[in-house]
Amino acid sequence: MALLTLEGVSMHYGAQIGNASGEYCVFEGIDLALNAGERLGLVGRNGCGKSTLLRIMAKIVPPSTGVVSWAPKVSVSLLTLGLGFRTDLTGRENALLSCLFHGLSRSDAKQAISEIADFCELGDFFDSPVYTYSAGMRARLGFGSALVNRSQVILIDETLSVGDAVFRDKARVALLNELAAERAVVLVSHSEAQVESLCTTATLLGEGGVLFSGEPSAVLATYAARYKE
């Protein structure tokens, strides 16, 4: 079952070149379906629009053209280091808000907090303001909250590349073993090893759109042949 479908999606930004105004095309004509149980890797050079595409999928920004369709009642979490937390609140308070936002009742959300705390392994920092967190600690909190609050689609923008090796391995095991068949993941990572080990499919973005989609190993080989010496 498709949880998310993109049809003819494009993103253009206004651009100022000298004294003239124009338009910069990030990508255009993207057709993509994210199915339940799928772990999709987005691959491409910096600036090709991977993070922008995640924000469109998360309903944070609308596309310039095209249609984005979500299956009914599908919930989504976007994990990125620059988005998603109120830094004046504690990790516990942010985790509670995340659970409530994704449809858990207050009683269920409170019960989920202990599970999130156990997964994040933040210790006393779980009750400290998020502005005191390192990038790795924020990644732990975001991933743990999304995993436990039962978001059906988890969009991950490089957050699995920060933090220590123990957390990265724990997150990898969770993605492989704890996500039920009705959930899906979209992963943006510069780590080819992560994409190949975690993803069931991959898509290469570049030159304004989708260049190739398929098995992760084939997509990574195409990426290497096209962009690497």
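Being a predicted model, the structure only gives us computed values, none of them experimental.
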Considering only distance and modelled atom types, tabulate donor-acceptor pairs under 3.5 Å from the side chains of residues 56-71, sequence neighbours left out.
residue	atom	partner	partner atom	Å
Ser64	OG	His12	N	2.8
Ser64	OG	His12	O	3.4
Thr65	OG1	Ser10	OG	2.3
Trp70	NE1	Met57	O	3.4

Hey, does [Y] have a side-chain heavy atom less than 4.5 Å from the side chain of [X]?
X: Arg39; Y: Leu187; result: no
X: Arg86; Y: Val130; result: no
X: Leu198; Y: Val185; result: no
X: Leu96; Y: Arg106; result: yes
X: Met137; Y: Thr132; result: no
X: Leu155; Y: Val76; result: yes
X: Val153; Y: Leu4; result: no

Hey, could you give me the [atom1]/[atom2] distance between [X] and [Y], rounded to the nearest 0.5 Å?
X: Arg45; Y: Leu205; atom1: CZ; atom2: CG; result: 13.5 Å
X: Leu141; Y: Tyr133; atom1: CG; atom2: OH; result: 5.5 Å
X: Phe125; Y: Arg92; atom1: CZ; atom2: CZ; result: 14.5 Å
X: Leu40; Y: Thr203; atom1: CG; atom2: OG1; result: 5.0 Å
X: Asp157; Y: Arg55; atom1: CG; atom2: CZ; result: 6.0 Å
X: Ile116; Y: Ser98; atom1: CD1; atom2: OG; result: 6.5 Å

Which pair of heavy atoms, one from [X] and one from [Y], lies closest together, and at what distance?
X: Ala33; Y: Glu38; result: O-OE1, 3.7 Å
X: Ala109; Y: Leu100; result: CB-CD2, 4.0 Å
X: Lys73; Y: Gln152; result: O-OE1, 3.2 Å
X: Cys99; Y: Ala112; result: SG-CB, 4.2 Å
X: Thr5; Y: Ala2; result: OG1-CB, 3.9 Å
X: Gly142; Y: Leu79; result: O-CD2, 3.3 Å

With Glu121 via salt bridge (charged side-chain N to carboxylate O under 4.0 Å, His left out) - residues at least two apart: Arg140, Lys170
Set of salt bridge (charged side-chain N to carboxylate O under 4.0 Å, His left out) partners for Glu192, sequence neighbours left out: Lys228
Residues clustering with Leu89 (ILVMFWY side chains joined when closer than 4.5 Å, directly or via others):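 Answer for Leu89: Leu97.
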Stepwise side chain to side chain contact (heavy atoms under 4.5 Å, CB included) check, Val186 with Leu34: CA-CA 8 Å; Val186 181; Leu34 181 68; 3.7 Å; yes
Verdict with reasoning, Arg138 to Thr87, per side chain to side chain contact (heavy atoms under 4.5 Å, CB included): CA-CA 10 Å; Arg138 292 189 188 206; Thr87 59; 3.8 Å; yes
For Tyr223, all residues meeting ring-ring contact (aromatic ring centres under 6.0 Å, His included), sequence neighbours excluded: Tyr227
Test ring-ring contact (aromatic ring centres under 6.0 Å, His included) applied to Phe143 - qualifying residues, sequence neighbours left out: Phe119
Backbone of Gly8 reached by a side-chain donor or acceptor of Asp31 within 3.5 Å: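 Yes, the answer is positive, given that a donor and an acceptor are paired below the 3.5 Å cut-off.
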Atom CD of Glu215: over 12 foreign heavy atoms under 6.0 Å: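 Atom CD in Glu215 is not crowded, with 12 or fewer foreign heavy atoms closer than 6.0 Å.
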Side-chain H-bond candidate by donor/acceptor type, Ser189 with Ser191, under 3.5 Å: no
